[in-house]
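The structure appears right after this line, and notes come after that.
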Amino acid sequence: MLLKILLGFLCGVVALAAENDTAQQGPPALLLVSFDGFRADYLKRFPMPNLKLLYTQGVLVEQLTNVFITKTFPNHYSLVTGLYAESHGILASNMYDPVSHKHFHINNDTDPMWWNKAQPLWVTALDSGYKTGAVMWPGSDVIISNRTATHFMSYNPAVTFQQRLRNVTNWMLGDGKEPGVKFAALYWEEPDRSGHLFGPDNTTAMGEVLKEVDDNIGLLISELKETGLWGRTNILITSDHGMAQCSAERLIRLDGCLHPDNYTLIDLSPVTALIPNKDPEAVFTLLNECHPHMTAYLKKAIPDRLHYRNNEWIQPIILIADEGWTIVQRGNKLPRLGDHGYDNSLSSMHPFLVAAGPSFRQGYRISRLESVDVYPLMCHLLSVNPRPNNGTLTQARCMLAAETCWDVPLMIGLVVGVLLMLSIITVLFRALSQRRASGPRPFQRLQVDDDDDDDPLLE
Ligand SMILES: *[C@@H]1O[C@H](CO)[C@@H](O)[C@H](O)[C@H]1NC(C)=O
Ligand SMILES: *[C@@H]1O[C@H](CO)[C@@H](O)[C@H](O)[C@H]1NC(C)=O
Ligand SMILES: *[C@@H]1O[C@H](CO)[C@@H](O)[C@H](O)[C@H]1NC(C)=O
Ligand SMILES: *[C@@H]1O[C@H](CO)[C@@H](O)[C@H](O)[C@H]1NC(C)=O
Ligand SMILES: *[C@@H]1O[C@H](CO)[C@@H](O)[C@H](O)[C@H]1NC(C)=O
Ligand SMILES: *[C@@H]1O[C@H](CO)[C@@H](O)[C@H](O)[C@H]1NC(C)=O
Ligand SMILES: CC(=O)N[C@H]1CO[C@H](CO)[C@@H](O)[C@@H]1O
Ligand SMILES: [Zn+2]
């Protein structure tokens with residue numbers, strides 16, 4: 001009896017403490033991981049048992065429509081801001097500001113000027129009282145809106161995935177007194193590096209690197225389990241862009257069309273950005289007729305759907321190569337066997353998204369999502385007020401366990417099915433009542449015959 005009371009008391013205290021704990025800690029922590037250059041169809045072409053384990057227990061978005069240009073920096077910044085490149089300002093790997101005459105390059109990127117048009121989630125989430133972390137994600141070590149993440153690591157390719165991961169889990173655990181990091185973003189450079197080197201069509205090489213990537217996902221799962229973070233952390237595994245196969249037969253040489261004295265080159269391939277030195281119309285005309293697999297645009301004529309026009313760092317002329325084509329100034333040398341940056345409507349440019357953790361549905365799949373929609377999803381998961389952005393939660397909401405989502409095809413099927421059943425029942429009912437009517441009931445029959453004067457055969 002006494003034991004029972006004691007047990008009940010203990011249970012009560014534990015429950016209270018647990019509730020206190022969750023109330024104090026707020027929503028589950030969120031870990032965002034990007035494997036650079038992970039083309040969506042690698043998931044179908046290569047076995048990835050650990051990644052598969054994650055999405056069978058969570059959600060798989062088969063293709064993520066990323067932003068133009070489909071390069072690493074623009075897309076990583078879109079993931080953490082929900083903005084198109086023209087709005088967040090990280091437009092390419094190489095940029096030029098005509099006012100300050102400053103140059104941006106991915107190895108010389110820490111001037112806040114380039115990043116301050118937007119604010120990444122690791123900064124915004126600080127205002128909700130959270131600690132945040134950023135490991136080698138583009139912009140991690142840049143002071144944006146006067147701040148960085150609580151913890152960050154600058155880009156260093158010599159640091160292994162496991163070391164990066166260990167730092168992140170340590171930050172997430174906290175030190176006992178201080179709460180841990182609530183949002184962390186982690187970057188890894190494969191399979192992009194190998195995709196450029198060997199080309200995405202090289203099944204042997206890509207198979208090897210994707211096995212390594214999957215082993216890293218295995219490490220992630222076991223590290224989270226060992227530290228007790230598993231089950232109370234939401235995990236997003238995604239990427240910035242895909243990869244197209246290039247070849248030496250698909251080179252576009254600018255020098256064949258126009259002497260280099262006529263323009264200043266800012267960025268080269270597969271999207272060239274240039275400033276005509278004089279006579280922009282003449283330069284444009286020559287470039288426009290240069291090659292059937294390259295499209296030239298004057299800045300004002302860049303198609304709306306690319307969301308790549310309204311920014312002072314977009315140069316007066318851009319050239320876009322067709323899928324798999326490489327723009328060079330001169331020579332016959334192919335710089336890379338695989339490349340990306342092409343039109344974001346190409347499925348070869350699309351990455352994927354896997355989501356798992358306490359907030360997500362299990363074994364759920366959707367075929368598409370916009371990469372700008374990942375930001376409002378993350379803000380929702382963290383209860384952070386999203387800053388103005390180009391995404392929406394409409395599609396992504398269905399990934400959440402707490403939401404009931406109407407599956408449109410299923411609903412159509414259901415409605416059609418119900419209507420069909422109703423019609424069958426009506427038809428059957430009529431047939432039955434007619435048969436009964438034509439049965440041995442002479443008086444009724446006579447009455448019907450009387451009314452039926454429009455049918456001469458019955459007379
Ligand atoms: C709940 O949290 C407060 C503040 O941290 C603490 O003082 C209190 O002891 C906790 N209550 C329980 C039952 O753990
Ligand atoms: C980095 O960019 C700044 C600003 O454009 C420039 O002053 C500096 O020389 C560059 N550094 C390197 C190493 O190129
Ligand atoms: C950043 O800090 C400087 C000086 O500390 C201040 O003048 C400036 O307004 C701050 N900028 C922002 C965006 O908070
Ligand atoms: C990452 O972890 C290593 C090893 O524990 C440590 O020496 C280093 O300071 C950590 N880096 C950061 C930025 O926390
Ligand atoms: C594929 O990559 C491997 C290196 O992993 C290389 O040895 C092989 O020649 C490549 N094959 C093709 C067809 O390029
Ligand atoms: C994207 O969002 C920004 C910030 O709200 C806005 O200024 C811009 O017009 C939006 N772009 C589009 C194409 O809606
Ligand atoms: C259209 C144009 O500006 N063409 C010039 C390109 O550069 C060469 C060499 O400097 C000039 O001779 C062309 O007039
Ligand atoms: Zn790349």
Side-chain angles (χ1 to χ4, degrees), residues 37 39 42 45-47 73 89-117 138-144 154-157 189-215 243-251 253-268 272-291 294 296 298 312-313 315-317 319 324 326 329-330 333-339 348:
R39 176 168 148 168
Y42 290 163
R45 283 174 58 202
F46 302 98
F73 272 54
I90 303 299
L91 293 146
S93 304
N94 293 287
M95 297 193 283
Y96 170 70
D97 174 41
V99 176
S100 64
H101 303 291
K102 284 183 186 172
H103 285 269
F104 172 93
H105 178 71
I106 53 173
N107 298 329
N108 185 8
D109 67 350
T110 52
D111 188 333
M113 175 190 91
W114 303 105
W115 304 84
N116 271 335
K117 287 188 200 296
S140 290
D141 55 356
V142 183
I143 297 160
I144 306 170
S154 302
Y155 185 64
N156 177 1
E189 41 275 82
E190 288 284 22
D192 183 72
R193 203 188 63 87
S194 297
H196 284 298
L197 209 55
F198 303 109
D201 290 356
N202 186 327
T203 304
T204 317
M206 293 319 291
E208 278 168 22
V209 71
L210 285 160
K211 191 190 169 299
E212 280 173 30
V213 166
D214 193 64
D215 288 346
M243 190 67 71
Q245 183 70 36
C246 299
S247 75
E249 290 73 49
R250 294 192 299 240
L251 279 181
R253 294 174 197 85
L254 294 182
D255 284 10
C257 306
L258 183 62
H259 193 279
D261 285 355
N262 294 298
Y263 61 88
T264 304
L265 191 68
I266 304 301
D267 202 11
L268 187 54
T272 301
L274 58 82
I275 307 167
N277 290 342
K278 54 178 197 298
D279 201 356
E281 291 294 332
V283 168
F284 172 74
T285 305
L286 287 173
L287 290 168
N288 195 29
E289 293 161 353
C290 185
H291 198 284
M294 181 177 85
L298 285 170
E312 69 271 28
W313 301 327
Q315 303 306 332
I317 295 177
L319 314 171
T326 303
Q329 278 195 296
R330 67 192 72 87
K333 198 172 167 294
L334 182 72
R336 289 168 293 273
L337 269 175
D339 211 356
S348 64

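Atoms within a ligand are numbered from 1 in the order they appear, just like the ligands themselves.
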Closest approach of D111 to K102 (non-hydrogen atoms, all atoms of both residues): OD2-NZ, 2.7 Å
Non-hydrogen atoms of P276 and L274 that approach each other most closely: CD-O, 3.9 Å
Carefully, step by step, assess R193 and E190 under the rule salt bridge (charged side-chain N to carboxylate O under 4.0 Å, His left out). CA-CA 6 Å; R193 203 188 63 87; E190 288 284 22; 3.2 Å; yes
Looking only at distances, can you tell me whether any N or O atom of D279, backbone or side chain, sits closer than 3.5 Å to an N or O atom of ligand 7?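 For ligand 7, there is no N or O atom that lies under 3.5 Å from one belonging to D279.
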What is the closest protein heavy atom to [atom], and at what distance does it sit?
atom                    : result
atom 4 (C) of ligand 5  : F198 CE2, 3.6 Å
atom 5 (O) of ligand 5  : A205 CB, 3.5 Å
atom 1 (C) of ligand 7  : A282 CB, 3.8 Å
atom 13 (C) of ligand 7 : N262 OD1, 3.8 Å
atom 2 (O) of ligand 2  : N108 ND2, 2.3 Å

4.0 Å protein heavy-atom contact status of atom 9 (O) of ligand 5, strictly under: no
So, [X] side chain and [Y] main chain: donor-acceptor pair closer than 3.5 Å or not?
X    : Y    : answer
R336 : T326 : no
Q315 : Y96  : yes
W114 : H105 : no

Considering distance alone, does some N or O of K102 sit under 3.5 Å from an N or O of ligand 2?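 The answer is no, given that K102 and ligand 2 share no N or O pair closer than 3.5 Å.
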Taking 4.0 Å as the limit for heavy-atom contacts, which would you say applies to D261 with ligand 7: side chain only, backbone only, both, or neither?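 Only the side chain of D261 comes within reach of ligand 7.
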Short N/O distance, under 3.5 Å, between N202 and ligand 5?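 Among all N and O atoms of N202, at least one is under 3.5 Å from an N or O of ligand 5.
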Counting heavy atoms not belonging to L197, are there more than 12 under 6.0 Å from its CG? yes
